[in-house]
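Below is one structure, written out as structure tokens; comments come after it.
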Amino acid sequence: MDSSSLPVGAVSAIFFLLFMLNNVHGKLETNDCDLFQGNWVYDDSYPLYDSSVCPFIEKQFDCLKNGRPDKEYLKYRWQPNGCFLPRFNATEFQLKFKGKSLMFVGDSLSVDQWQSLTCMLHAADPQAEYTSKRVGATSFFSFPKYNTSYLVFRDVFLVDIIKEYNGTRVLELDSLSSAAQWKEMDVLVFDSWHWWLHTGRKQAWDLVQDGKSTYKDAPRLTLYKKALNTWAKWVDSEVDTTKTTVFFQGVSPDHGNCVGETKPTRSTQGPHPGELVLENVLRRMKKPVHLLNVTTLSQYRADGHPSVYGFGGHRNIDCTHWCVAGVADTWNVLLSALLDQL
Ligand SMILES: *[C@@H]1O[C@H](CO)[C@@H](O)[C@H](O)[C@H]1NC(C)=O
Ligand SMILES: *[C@@H]1O[C@H](CO)[C@@H](O)[C@H](O)[C@H]1NC(C)=O
Ligand SMILES: *[C@@H]1O[C@H](CO)[C@@H](O)[C@H](O)[C@H]1NC(C)=O
Ligand SMILES: *[C@@H]1O[C@H](CO)[C@@H](O)[C@H](O)[C@H]1NC(C)=O
């Protein structure tokens, strides 16, 4: 009997069975395909949590509370081509992570991903006590019930900016003085990109210190590459990657204009120049560092930014960060899938 003579229900039952069989044996289906190539598909069961039950989202990410009227942007699930991305189960994630700590290190895109993760975990078990505090550049978030900690360390360039006695701000491309505070974690997820582009009043330095030479400025991709190389050298020499799993969040793309966007598109702006530099640096490293390759999948999501429903409303349109809930949840679903594969 060929499949064309089977009733539709039977055919889908067979596919369902094959799908279940494939999944029983866990990892194969995620290991032998690229999780980062795929499509956004509409999924009625999304979002993975209700952001209104998350009491600690910062205003800039809390699009619904800031009045965003459209909700379709919450309903998309990332579907890799030819493999199955396991549905995120927050309880399982917490149980597997028992006794461990994860730290995001980077700019506000790190904070975005951290907020998404902590909200997902809190929403799945709202009765579970949590503690949170901010000390200097670090925000701590932990669940005593699971003995898990999720931290974010704000350090936009990874390398240092120091202020001279005369007020001059110097970008020190060879120096990574915060690194000692990152080392003891079980999982590290780095990110840096956005601030490298700022010029004029938003530029964070007056001078660049690069080895023995000092200069005012250079092409930003060059500076970015030099800083990433300093970071890579530190990981290669200082991080015990048998104890600490290291990820780098791929460059999170901006969209020049995102106002009024409500659906994913299939168009990207092509390969992201910052992402190409990052991939190049990672490829030359000795230690294993995993790229959380979110650039392309996020390029499809101009609808995922806060737009006028972020921090600044119409005066400061945000096409850089991502609403929570939203696209950053998928970054965490992918992070969780990669952690399962290790
Ligand atoms: C990241 O994902 C994009 C899109 O799937 C792909 O073109 C690119 O090669 C990937 N980069 C790496 C280093 O795997
Ligand atoms: C999530 O995992 C827990 C623990 O394994 C299980 O009890 C629960 O049913 C799962 N939830 C869903 C929605 O699959
Ligand atoms: C929590 O995890 C840490 C690190 O693994 C461990 O040292 C500590 O004993 C754990 N605490 C509890 C209450 O299980
Ligand atoms: C401040 O000091 C640095 C060296 O420490 C020097 O290069 C820079 O020109 C000084 N800036 C001003 C405004 O004097």
Side-chain angles (χ1 to χ4, degrees), residues 20 23-24 26 30-40 43-50 77-103 120-121 123-131 140-151 183-187 193 228 232 243-253 264-285 288-301 327 329-331 333-338 340-341:
M20 292 304 283
N23 278 323
V24 170
T30 43
N31 266 338
D32 55 9
C33 88
D34 182 351
L35 286 172
F36 301 102
Q37 290 204 25
N39 292 289
W40 291 98
D43 185 332
D44 237 341
S45 73
Y46 266 52
L48 292 166
Y49 58 97
D50 173 2
R77 175 171 57 78
W78 179 249
Q79 173 65 63
N81 295 337
C83 57
F84 171 75
L85 180 59
R87 191 178 168 87
F88 185 79
N89 181 325
T91 311
E92 263 174 27
F93 185 90
Q94 293 267 52
L95 292 172
K96 277 186 284 199
F97 214 63
K98 211 174 187 65
K100 295 194 178 158
S101 53
L102 180 155
M103 183 189 259
M120 282 206 280
L121 298 175
D125 190 354
Q127 305 313 321
E129 191 192 321
Y130 64 84
T131 61
F140 298 82
F141 196 100
S142 59
F143 294 93
K145 174 175 173 186
Y146 302 101
N147 194 14
T148 51
S149 303
Y150 305 95
L151 298 82
K183 262 174 88 168
E184 302 310 318
M185 298 290 138
D186 296 289
V187 177
W193 165 247
L228 287 177
K243 294 210 181 79
T244 301
T245 307
V246 182
F247 290 90
F248 210 107
Q249 181 199 86
V251 167
S252 171
T265 61
R266 280 299 301 174
S267 63
T268 73
Q269 304 109 322
H272 191 292
E275 176 67 13
L276 294 178
V277 170
L278 172 62
E279 290 183 8
N280 224 321
V281 170
L282 297 183
R283 216 173 289 132
R284 288 156 200 263
M285 291 179 68
V289 171
H290 310 276
L291 175 65
L292 189 61
N293 188 1
V294 298
T295 308
T296 305
L297 64 93
S298 306
Q299 281 179 329
Y300 300 143
R301 296 302 306 272
V327 171
D329 302 340
T330 293
W331 300 357
V333 173
L334 290 160
L335 176 65
S336 163
L338 292 179
D340 278 348
Q341 287 178 12

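Sequential numbering from 1 along the given sequence is applied to the chain's residues. Counting starts at 1 for both ligands and their atoms, in listed order. FYI, side chains are in, hydrogens and waters are out, and symmetry mates aren't considered; it's all heavy atoms of this structure.
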More than 12 foreign heavy atoms under 6.0 Å from CZ of R284: is that the case here?
no
Within the 4.0 Å heavy-atom cut-off around ligand 2, the contacting residues, ordered by chain and number, are N89, E92
Do you know which two heavy atoms are closest between W78 and L85, and how far apart they sit?
O-CD2, 3.7 Å
Closest non-hydrogen atom pair between A128 and K145, with its separation
CB-CD, 4.0 Å
Under 3.5 Å between any N/O of E279 and any N/O of ligand 1: does that happen in this structure?
yes
With only distance considered, is N293 within less than 3.5 Å of ligand 1 through an N or O on each side?
yes
Contact region, L291 to ligand 1, non-hydrogen atoms below 4.0 Å, reads side chain
Give me the ring orientation class for H290 and F247: parallel if the planes are under 30° apart, tilted from 30 to 60°, perpendicular past 60°.
tilted
Could you tell me whether R77 and D43 have a side-chain N and a carboxylate O separated by less than 4.0 Å?
yes
Ring center gap for F97 and Y146 short of 6.0 angstrom:
no
Does a donor on one side chain and an acceptor on the other come within less than 3.5 Å for S45 and R87?
yes
